[in-house]
Amino acid sequence: MSDICINQLLELFPGVLPLSGLVRVLWIDHRSSTVTVIPVDQTRRSKPVRMKLALLVQAKEMGQTKLSQMTADPRSLMTDEQLTRLYPSRIKNGRAYALEFRDFWWPVIEAIAAESERVFCGLTSLNRLVDRHAKEKSLSRQRIYQLVYRYWASGSIKNALLPDSHRCGAPGKPRTNGVSKLGRRNLSASLHGAPSENFALSKEDIARIQHGWKIHLTKGVSVRDAYRETIKLFYVERWELEGPAARPVIDKLKHPSMRQFCYHGPMQPGGMQGSRAQAGERDFQLNKRPLDGLANRGLRRIGAIAQADASANDLHLRSAFSRTRIVGACNVLIIADEFTGLITGFVVAWSIDSDAVRFALLVSASSKVDLCARYGIEICDEDWPSAVYGRIRSDRGEFNCKAAYASCEAINTSLEMVQTGRADLKGVIEVAHKTLHILSGHQLPGTTRGKHRTRGESDPALASCVTMEDFNRHLIRAIIHHNTKEPVAHLLTTEMLEDDVEPTRIAIWKWAQRRGYVAYTAWDHDRLITALCTRIDAVIDIDGVYLVVRRPPPAADEVRLKNYRYLGDLAKKRSWLETARRSGVRRIEVFHNPYDLRRVWFLDHQEGLQPLELLTSDPLLGCVSTLRDAIESQSHLQVQATVQEKIALQSRVEMGALRDAEVKAAQEKTAAAYALEGGVPSKVKQLRDRRENRTMEISGAGKISAPPLARQVFNPPDVSETKLQLTNVLSLPVRKTTNSALEKWLAEGEQS
């Protein structure tokens, strides 16, 4: 079968298939052998097209279509904070219009996107879904179609709903409303030909509406009742005493309408909580909760569900900077496919935090060739597959954090937390941990074998000899053996036995690919980096980009990693170094992998994600150390430098004392020599004849300085020969053409 999978980009050549150009694969129906694709270019709305899968496979084999890579829109890779900085709001402390536009349309598109598979399988009609949501929310059908197609064509990402502001005229100029009132005229005004009687909302009116929606819309209270209470609270002109009670008087033209209340009420943080409370928690969970899981749970496909769990490595390690230091055990987080048990992602860390979770997801989703080459292991992509799973099943541990939720949401992966104490609900990953312990950790010196040391037993840490880098190498070999060599005959089905599939996990994985039992999606590398890598501050200096980190307590101060200098093509294109030399250092934000410091990435709003490579003469600096190691190493070197500075200071003081004593002795000898000659001559006489004195010194001692004892032993002076040499030297004729000021100064000295 073909290797075509969902979310791939294909370039179709004209004249071969029903459409041409760049398309994205939306769905593959192997029962009817059809594939659904949609053109990526949605400048003019283009709907999905269904074609025969065999035609597409044949065109690909004949070279009439090929896989393509499209540079992602940089805006789709940005976070909400970055989009806010790129599109600042005209309202003080307000949200960007692009985010408001996206967040308004996303609830409409989300409900339709949840039914995408049913639409592609023909179980429901897209027209029916669009009509229903258009009527419920009083929105344009054409607009909903346009946004749904744009969402599918962009790879089913939420940021696809950002407005195409680059196609609008006069960007950046403020738009102000005129004297006319927004909205169409009501029925009464239309019948009588009167102008619009709509109520023009101000900021205060919108704030009142949102307050009323949030406060009055509770369980058992309808939206109309909440609207009446809001009008009664804020828009009563006066109270007239009529009978036993006062009657409120409201001007029908001076208060918001029911439509305005329903429109602006939910558009606030927590606004949808009012609707949820009004419906009741039980009814919401039964009928109105979002269906973010997989409906066909019993269907076995690779890449559909993964299991993840962390465990100690049961091995004492040595420090990477000094093998004389024992640093204890570390932790291992692995991600395995539930169908085959094949391990696609892992991370080794001192503690499993949000950064470790992101790195494990990144390893699972990307190629492992470069990662294995870092530890001297050569593989190809077929030996260790990659996958972005639709669902990850884990316990309430490492994945139960906001960072893990955000990272999984960015790659359309849902999380499922199993009940505490129910390890049987994720038995695949538990067995994988046991296998890796047997193949790697428990085979190395210093292992605890998962048991506490008994009384009188020697501490296993004394036998430890491997570092974290060594353990990573052994663990990778164990994972490759687990995936490619370990027999798993119990996983073979009747269909696999008929096709004579080898009883290994990698063989079952490849068989499922050929059969089309594939549920994982394909993501481009840039989106994986922005979704799964951590953001960190950096500074641009005159010689490169340096990471800025905060050291752990008790220091807790910001430091620059001096040995980690990064540069790339973007720095040259944007003239970062020249700007830093002229205007000083500038702080930026980069994406980095704390377990691989060989490169970082900067997200430029025009060029997209650009790599910055580590520049160093130390070949092991980026391969061995992690971010935590780099921080501790720099702190340790600073302590050593402080101690060495004290030693150097003591040495400089001692050198100064000896120098002062020797200078004083030399001054006394000079004064004694002048006393033997009858006193100190004038300055003019002292500065005169320096050239002749220099010539006599060279003739007597030579050009090279040598100890006096060595000259006496190996070159005993001959007084007669020296006098002869001096006579010959002094009898040399003086050039009459010497007019140099320097030579005149050397010969005569200062005359003034």
Side-chain angles (χ1 to χ4, degrees), residues 1-42 44-68 70 109 112-131 144-157 160 291 294-304 339 387-390 412 495 498-499 509-523:
M1 207 62 185
S2 67
D3 56 351
I4 297 175
C5 67
I6 298 174
N7 212 28
Q8 272 186 342
L9 287 175
L10 300 175
E11 184 177 355
L12 308 182
F13 297 158
V16 180
L17 297 171
L19 71 164
S20 61
L22 196 62
V23 299
R24 187 180 296 274
V25 179
L26 295 181
W27 187 253
I28 301 176
D29 190 350
H30 293 278
R31 178 173 297 180
S32 60
S33 297
T34 59
V35 58
T36 304
V37 299
I38 187 172
V40 174
D41 186 9
Q42 289 290 325
R44 295 182 177 179
R45 192 182 69 192
S46 302
K47 62 182 181 179
V49 177
R50 181 178 297 178
M51 63 178 66
K52 289 292 184 180
L53 180 60
L55 292 177
L56 189 59
V57 174
Q58 183 180 3
K60 187 176 181 182
E61 293 176 352
M62 297 177 62
Q64 297 172 344
T65 181
K66 64 178 182 179
L67 292 176
S68 179
M70 183 182 66
I109 305 304
I112 300 177
E115 301 285 340
S116 296
E117 292 190 5
R118 293 174 55 83
V119 172
F120 299 146
C121 293
L123 301 179
T124 186
S125 172
L126 180 61
N127 296 336
R128 184 181 305 170
L129 294 175
V130 173
D131 288 341
I144 296 177
Y145 274 118
Q146 180 184 7
L147 294 176
V148 169
Y149 292 163
R150 188 197 302 176
Y151 172 79
W152 286 340
S154 300
S156 300
I157 58 175
L291 300 176
L294 292 177
N296 47 358
R297 183 174 179 177
L299 181 60
R300 310 298 287 175
R301 296 179 293 175
I302 58 174
F339 178 26
V388 177
Y389 296 93
N412 288 355
E495 193 176 8
E498 291 176 353
D499 293 342
W509 182 282
K510 294 179 179 179
W511 172 85
Q513 283 183 326
R514 294 193 301 269
R515 282 285 186 173
Y517 300 153
V518 178
Y520 59 82
T521 56
W523 292 89

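FYI, side chains are in, hydrogens and waters are out, and symmetry mates aren't considered; it's all heavy atoms of this structure.
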Which residues pass the side chain to side chain donor-acceptor pair (under 3.5 Å) test with [X], sequence neighbours left out?
{"X": "Asp29", "result": "Ser32"}
{"X": "Arg45", "result": "Gln142"}
{"X": "Thr36", "result": "none"}
{"X": "Tyr149", "result": "none"}

For residues [X] and [Y], determine if any side-chain heavy atom of one lies less than 4.5 Å from a side-chain heavy atom of the other.
{"X": "Leu126", "Y": "Ile112", "answer": "yes"}
{"X": "Leu56", "Y": "Val35", "answer": "yes"}
{"X": "Ile38", "Y": "Val49", "answer": "no"}
{"X": "Lys66", "Y": "Leu10", "answer": "no"}

Checklist entry - How far apart are the closest heavy atoms of Val518 and Gln513, and which atoms are they? => result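 For Val518 and Gln513, the tightest heavy-atom pair comes out as CG2-CA, 3.9 Å.
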Item to check | Heavy-atom closest contact (Arg515 atom, His30 atom, distance) | outcome: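 Scanning both residues completely, I find the closest heavy atoms to be O-ND1, 4.2 Å.
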Checklist entry - Checking side chain to side chain contact (heavy atoms under 4.5 Å, CB included) for the pair Leu67/Leu9: CA distance, chi angles, key distance, verdict? => result CA-CA 6 Å; Leu67 292 176; Leu9 287 175; over 6 Å; no
Next on the checklist: Taking ring pair (Phe, Tyr, Trp, His ring centres under 6.0 Å) as the definition, give me every residue that meets it alongside Phe339, ordered by chain and number, with sequence neighbours left out.
Outcome noted: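 Ring pair (Phe, Tyr, Trp, His ring centres under 6.0 Å) list for Phe339, sorted by chain: empty.
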Next on the checklist: Going by ring pair (Phe, Tyr, Trp, His ring centres under 6.0 Å), name the residues that satisfy it together with Trp523, two or more places apart in sequence or in a different chain.
Outcome noted: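 Ring pair (Phe, Tyr, Trp, His ring centres under 6.0 Å) check on Trp523 returns nothing, list empty.
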To the nearest 0.5 angstrom, please state how far the [atom1] atom of [X] sits from the [atom2] atom of [Y].
{"X": "Ile157", "Y": "Tyr151", "atom1": "CD1", "atom2": "OH", "answer": "9.0 Å"}
{"X": "Ser125", "Y": "Asn127", "atom1": "OG", "atom2": "CG", "answer": "4.0 Å"}
{"X": "Ser154", "Y": "Gln42", "atom1": "OG", "atom2": "CD", "answer": "8.0 Å"}

Is there a donor-acceptor pair under 3.5 Å between the side chain of [X] and the backbone N or O of [Y]?
{"X": "Ser156", "Y": "Trp152", "value": "no"}
{"X": "Thr65", "Y": "Glu11", "value": "yes"}
{"X": "Ser116", "Y": "Ala113", "value": "yes"}

Review item, side-chain donor-acceptor pairs of residues 16-28, under 3.5 Å, at least two apart:
unit_1, atom_1, unit_2, atom_2, d
Arg24, NE, Ala153, O, 2.8
Arg24, NH1, Asn7, O, 3.3
Arg24, NH1, Asn7, OD1, 3.1

Checklist entry - Stepwise, does the side chain to side chain contact (heavy atoms under 4.5 Å, CB included) test hold for Met51 with Thr34? => result CA-CA 6 Å; Met51 63 178 66; Thr34 59; over 6 Å; no
Item to check | Glu495 versus Tyr517, side-chain donor and acceptor atoms under 3.5 Å | outcome: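 Result is yes, a qualifying pair exists.
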Checklist entry - Taking only residues at least two apart or on different chains, which pairs with a member in residues 46-55 satisfy side-chain hydrogen bond (donor to acceptor under 3.5 Å, both in side chains)? => result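 Those involving residues 46-55 do not exist here.
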Item to check | Chi angles and distances behind the side chain to side chain contact (heavy atoms under 4.5 Å, CB included) call for Trp511, Ile302 | outcome: CA-CA 10 Å; Trp511 172 85; Ile302 58 174; over 6 Å; no
Next on the checklist: Show me the pairs that pass salt bridge (Lys or Arg N to Asp or Glu O under 4.0 Å) and involve residues 118-127, at least two apart or across chains.
Outcome noted: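 Matches after skipping sequence neighbours: Glu115-Arg118.
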